[in-house]
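Take a look at the structure below.
Below, read A as the first sequence line, B as the second, and so on, with proteins coming before strands; counting in each chain starts at 1.
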Protein chains: 2
Amino acid sequence: MKEKIAGTGLKVTHQRMVIYDAVLQMNFHPTVEQIYEDIQGENPSISLGTVYKTLETFVEYGLIDRVFTEEGVRRYDPNLEHHGHIYCTNTREIVDYYSEELNEIITGFFKKRKVNNLKIKNITLQINGDKIDPDKDITIK
Amino acid sequence: MKEKIAGTGLKVTHQRMVIYDAVLQMNFHPTVEQIYEDIQGENPSISLGTVYKTLETFVEYGLIDRVFTEEGVRRYDPNLEHHGHIYCTNTREIVDYYSEELNEIITGFFKKRKVNNLKIKNITLQINGDKIDPDKDITIK
DNA sequence: TTTCAAGTTAAGAATGATTCCTAAGTAATA
DNA sequence: TATTACTTAGGAATCATTCTTAACTTGAAA
């Protein structure tokens, strides 16, 4: 983990390691506030401003991604692997969805088309739906 | 336009007509602030709080949609037709993208799969890329 | 090991985004 | 025209994020 941060050229500070580790373990696309509260117990001197600043620095250096939401609040994703998101409107959860097959289909679709005035970086899916049993996992096979 | 609002069961107030008309004409997924500034000249007595409340009421009653962004600010879309969004990282624009064909491909893909514990409502594309010439349109043929 | 420069952070203030409150206004019905 | 339930203005309050500056610390060089 230390190497991950160092590998970007950033200085490896205690605060950055704590925040990065917290984000890696929170696999539910947390807000800044959730991350701050998660680390507060063991690290009461890390300030909220530092958490805000550090997360945006991680995004800028490619360590994590922001998550698209319609909420008006920032959320973060440590998972840099190409994937889509399932937005559960009833439980407010955001769940990762992977499909190499569908990714290839969509990529192929756009390769066949003439794209003018746009350099495509990546294409992902936003899947909106309602979770049926909040206590069980969502699976798509 | 009046009928659209009335058709939802909402009272047709002057403020609602002004705000709805403004949103219909702003085809760039505006923020609340942008909508408020747009109507201020001709309607200085409509308050910012009213704009916030009215837009969320329109979403609740199915007149407009919220737009997914990673910004931490609310944006709105009057276009209810099923479509995806092209997010231009360099110009910060959000452009609508339609493809009935791709929509059918994706819908078909999920129909063939076993989806557990999720009732899918809709699936949209999130296309991230860089606009090449900011003054020209993006087209995908 | 020590030094030091450059980058980082704490703390709280400031700013921006959104929600709440209440008295006053008004759309729509009778 | 009267009435009522819903809506709104205006500004306060709350929440989300950024800024400022003095103090701290990382990491490279000596």
Sub-3.5 Å pairs of nitrogen or oxygen atoms, protein against nucleotides 24-26 of chain D:
residue, atom, partner, partner atom, Å
D/dT26, O2, A/K11, NZ, 3.0

*Which ILVMFWY residues are connected to A/Y87, directly or by a chain of links, through side-chain heavy atoms under 4.5 Å apart?*
A/V67, A/F68, A/I94, B/V67, B/F68, B/Y87, B/I94
*Apply the test side-chain contact (heavy atoms from CB on, under 4.5 Å) to residues B/N27 and B/D96: give CA-CA distance (whole Å), side-chain angles for both, the deciding distance (0.1 Å), then the verdict.*
CA-CA 9 Å; B/N27 62 357; B/D96 287 345; over 6 Å; no
_Between P of C/dT8 and CD1 of A/I46, the distance in whole Å_ = 15 Å
_Could you tell me how far apart B/L10 (CG) and C/dT26 (C1') are, to the nearest whole angstrom?_
15 Å
*Would B/Q25 and B/D21 count as having a side-chain donor-acceptor pair, cut-off 3.5 Å?*
yes
*Check side-chain hydrogen bond (donor to acceptor under 3.5 Å, both in side chains) between B/R16 and all other residues, then give those that pass, not counting sequence neighbours.*
none
*Side-chain contact test, heavy atoms from C-beta onward, threshold under 4.5 Å: evaluate it for A/K131 versus A/I86 and give yes or no.*
no
*asked:* Distance check needed: D/dA16 C1' versus A/E37 CD, whole Å only.
replied: 13 Å
*Residues two or more places apart in sequence or in another chain: which of them pass side-chain hydrogen bond (donor to acceptor under 3.5 Å, both in side chains) with B/Y98?*
B/N79
*asked:* Using side-chain contact (heavy atoms from CB on, under 4.5 Å), reason through A/E56 and A/Y76 one step at a time and then give a plain yes or no.
replied: CA-CA 9 Å; A/E56 284 302 307; A/Y76 294 92; 2.5 Å; yes
Check: protein-nucleotides 15-25 of chain C nitrogen or oxygen pairs below 3.5 Å:
residue, atom, partner, partner atom, Å
C/dT18, OP1, B/R74, N, 2.8
C/dT18, OP2, B/Y52, OH, 2.8

*Between D/dG27 atom P and A/E3 atom CD, what is the distance in whole Å?*
12 Å
*asked:* Going by the rule side-chain hydrogen bond (donor to acceptor under 3.5 Å, both in side chains), which residues pair with B/E81 if we only count those two or more places apart in sequence or in a different chain?
replied: none
